[in-house]
Protein chains: 2
Amino acid sequence: MNPETYTARRAALRAAVPEGAILLLGQQETPRNYLANPYPFRQDSHFLYFVGADLPDLAVLLLPHGEEVLFGPPQTPDDLVWHGPHPLLGDRAAAAGISLHAPVDTLGARIADLTAAGVRLHYLPPYRADRTLRLAELLGQRPVAVGEGVSGELVRAVVRQRSIKSDAEVAQIEDALAVSHEMYLAAYPLVRPGRRESEVAGAMQGVALAHDRAQSFLPIVSVRGEVLHNNSYDNVMREGDLLLVDSGTEGPLCYASDITRTLPVSGRFDPVQREIYQAVLDAQLAAIAAARPGVTNRELHIIAARQMTRGLRAMGLMKGDEEEAVSVGAHALFYVHGLGHMLGLDVHDMEDLGDAVGYPEGEKRSDQFGMAFLRLARPLEPGFVITVEPGLYFIPALMERWEAEGKHVDFIDYARARQLVGFGGVRIEDDILITAEGSRVLGEPIPKTVQEVEAALGG
Amino acid sequence: MNPETYTARRAALRAAVPEGAILLLGQQETPRNYLANPYPFRQDSHFLYFVGADLPDLAVLLLPHGEEVLFGPPQTPDDLVWHGPHPLLGDRAAAAGISLHAPVDTLGARIADLTAAGVRLHYLPPYRADRTLRLAELLGQRPVAVGEGVSGELVRAVVRQRSIKSDAEVAQIEDALAVSHEMYLAAYPLVRPGRRESEVAGAMQGVALAHDRAQSFLPIVSVRGEVLHNNSYDNVMREGDLLLVDSGTEGPLCYASDITRTLPVSGRFDPVQREIYQAVLDAQLAAIAAARPGVTNRELHIIAARQMTRGLRAMGLMKGDEEEAVSVGAHALFYVHGLGHMLGLDVHDMEDLGDAVGYPEGEKRSDQFGMAFLRLARPLEPGFVITVEPGLYFIPALMERWEAEGKHVDFIDYARARQLVGFGGVRIEDDILITAEGSRVLGEPIPKTVQEVEAALGG
């Protein structure tokens, strides 16, 4: 993005939070197993949005009366030797449309001056221990006190701004999706009985890394699709397995993609797999078709839930009225999570800012199992980018528990459900942009129908 | 490793630090851009060595009188739903030869009891902010006070133990080296004019990930080999470039490999490249040939420096007596770093424990440029695994600075050196085991001589 974009974004933020000073902290290097062995650097997403500069140890202070200062490490002669020639701090500031810059070790004194002058300092909630420690040091407070000083006003202003994606931001997401597309092309030939999950995961990540792109999250590549938080890749794929692949990469400016496909290892879905798969696909298509400004994402979630309940009823897994089943949460035995989330610089966009992102002020999350995991419930607006990712899972521990509790016996046929232990799970996910009239699925299509998936696998 | 191995390691540690209690902290998840989006989990290396259990949020307390307790998160019914069935904490403890286990949220109270009873708590220096915060909380102290309480006695005992690798540990390193070998095979066909560095980096990392292996550090894959701390991969390789590849992966128990090769992009070294490359190779082979118990790694470093000085003198880049040149540090214009470091569970093994690893007690690092960067100076012992990685670099900023200062003009021909601006750098690195009689290069050989490298590239 050009300097004017960043300047305009900060001006809008300042207009929404007119009083006091605003501190935007960049990320520091994150050590893996010792200080000098860091994880791949990832800049803080808010910093990327408002400043853009993508290197460690920066901070920006927006002062009262419009002054803006970029703080960063000064370049020493030794840096030239070890790190080679790089843009100077002043050049970084200019690229962000910021006229002033200063050594980062003077930031504490500047903040102390503000505090002494009674100026309120707005900052966002820290999500890493190093940010907590740094804020504690800058504010001269104990770490536990840092959370209390977080600015709700700043949080809400950032959420309002980052929720609406510009065309340039959407283009970044589509750039990431183009790499996702290539990653799937690399995966298909490796989805074969006898191969390991890690071979698929490695090939897909290798494609992204060859483009110099990070993963937007740890990919899920698993024949145990029913284990939702599954980041191991040590199973061997067998005939009859379904491989669930949920992965994403980042565009050049770190915007995320997030795509899930479920692939039959033998190349063709068996009849039961096909029915479940179709139920999920129908739900995904129904939710996408209903997506438009003014509709809430909770409504889309319910549309998807009802559609899948219809499919499950046709298979004899559920029974009774589908609207009633969904309203009491019976479907959540199989559809355990929410329909999707915002997507942007973070794969769960702005998740560090909490429920201010997905829920209107004053509205609490449901505590019903299933609905409680819906990250986004509020009315959709043009410029939102969201994921649509319904799924059906057969989770032995959950089915046992509910059956033992006699839960929703009017809506669930447990005897039939028990036959699907070992089935795994199906999830289908695309990223969509809310437009003025409806929605648009982003990126080049990645095989999704039963026929397309089987053709891609050569089955 | 079997439970007896971990029990024996802890018993040896206890014997070396007989008084007080010993706290070994496992790693916590490390958030990337928000709390629920972690980097790939990497267990703390000391915890891997003494306990083995490879999952987040564990701690072990070695109490006076021999009691040992593994603290960890209790498994809730929800874990079964979200994470699937996993070994219980008691099973994890048994696998480490530990008989007692307790919920991790009781660790603070146990430590408070010890403190109240006047028992000294030994702990290692924290290298991550989350470890600092956690120790501060456990000890009831401010973060800045945590460093003061680090146990030098424990540090020295851990260094003594982890410095000597067992056969099983060496086998783990060789397992990682087998993957490194495959990574190079994937790289060769991609080292071609017109391709990008990231294509090579991506293919190599993809191979490791396909084996479900992490990188032991961020790889260097660069035609700018003279930029030593270079983790960008955005250059296009051109005819005449040298591509420096320094990368490593981890074995199943997280032991590291670390291999550097320098590859001519055109498939063949030009005459100047060949001479410089041969000087580095001769130095590496001379250092390996001299490696044996009782010799210090500083002596090996000097052997390599003198050998390269001879090569540079033959090329007219240096002049005068080579021993004198090396003793005053003139060679360090081109050979800017140290010969190597310990290798084990960390690629710079135990670097979190500081100079206790590489320097005998009471001995300070040299402050001479070049020698100051030598991480390992002490006498070698059977069972040490070390890297041997001499290199020669033409760093414009450094050459300009030294020439302007008139530094070592009796030993350096600056006019000739200036002609090599743009050459880049050459480094050649292998991992060796110190044996009773000498040393052994670990792993299957990866092409290293001029002829082997050219043949591998099909040049």
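Note that the coordinates shown come from a computational prediction; the quantities given were computed from them, not determined experimentally.
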Checklist entry - Is it the backbone or the side chain of A/Pro31 that comes under 4.5 Å from a heavy atom of chain B, or both, or neither? => result both

Checklist entry - Is there a donor-acceptor pair under 3.5 Å between the side chain of A/Glu197 and the backbone N or O of A/Val223? => result yes

Checklist entry - Which answer fits A/Arg224, side chain, backbone, both or neither, if we ask what part of it has an atom under 4.5 Å from a heavy atom of chain B? => result side chain

Checklist outcome for this item: Taken in chain and number order and not counting sequence neighbours, the residues that satisfy side chain to side chain donor-acceptor pair (under 3.5 Å) with A/Tyr393 are A/His337, A/Arg427

Checklist entry - Going by atom types only, do A/Gln27 and A/Arg131 share a side-chain donor-acceptor pair under 3.5 Å? => result yes

Item to check | Side chain / backbone / both / neither for A/Val144 at chain B, heavy atoms under 4.5 Å | outcome: neither

Item to check | Part of A/Arg142 lying under 4.5 Å from any heavy atom of chain B | outcome: neither

Checklist entry - Backbone N or O of A/Val200 within a donor-acceptor pair of the A/Tyr233 side chain at under 3.5 Å? => result no

Checklist entry - Are the side chain of A/Arg196 and the backbone of B/Ala210 linked by a donor-acceptor contact shorter than 3.5 Å? => result yes

Next on the checklist: If I measure from the heavy atoms of chain B, does A/Asp234 come under 4.5 Å with its side chain, its backbone, both, or neither?
Outcome noted: both

Item to check | Those residues of residues 201-208 of chain A, ordered by number, that approach chain B below 4.5 Å (heavy atom to heavy atom) | outcome: A/Gly202, A/Gln205, A/Gly206

Checklist entry - Would A/Tyr34 and B/Tyr127 count as a close aromatic pair, with their ring centres under 6.0 Å? => result no

Checklist entry - Distance only, no hydrogens: is a donor on one side chain within 3.5 Å (strictly under) of an acceptor on the other, for B/Asp130 and B/Thr132? => result no

Next on the checklist: Quiz question: by atom type and distance under 3.5 Å, do the side chains of A/His83 and A/Gln75 form a donor-acceptor pair?
Outcome noted: no

Item to check | Top contributor to chain A contacts, counting heavy-atom pairs under 4.5 Å, from B/Pro396, B/Ser45, B/Ser216 | outcome: B/Ser216

Checklist outcome for this item: From the list B/Phe373, B/Phe41, B/Phe217, the residue making the most non-hydrogen contacts under 4.5 Å with chain A is B/Phe373

Item to check | Engaged part of A/Glu226 at the chain B interface, taking heavy atoms whose separation is under 4.5 Å | outcome: backbone

Checklist outcome for this item: Residue from B/Val336, B/Asn231, B/Val227 scoring the most non-hydrogen pairs under 4.5 Å with chain A is B/Val227

Checklist entry - Of the listed residues (B/Leu398, B/Leu190, B/Leu133, B/Asp352), which shares the most heavy-atom pairs with chain A below a 4.5 Å separation? => result B/Leu133

Item to check | Polar side chain donor-acceptor pair, A/His46 to A/Arg162, under 3.5 angstrom | outcome: yes

Next on the checklist: Heavy-atom pairs under 4.5 Å with chain A - which of B/Asn37, B/Ile395, B/Leu35 has more of them than the others?
Outcome noted: B/Asn37

Checklist entry - Tell me, side chain or backbone of B/Leu345 under 4.5 Å from chain A's heavy atoms, or both, or neither? => result backbone

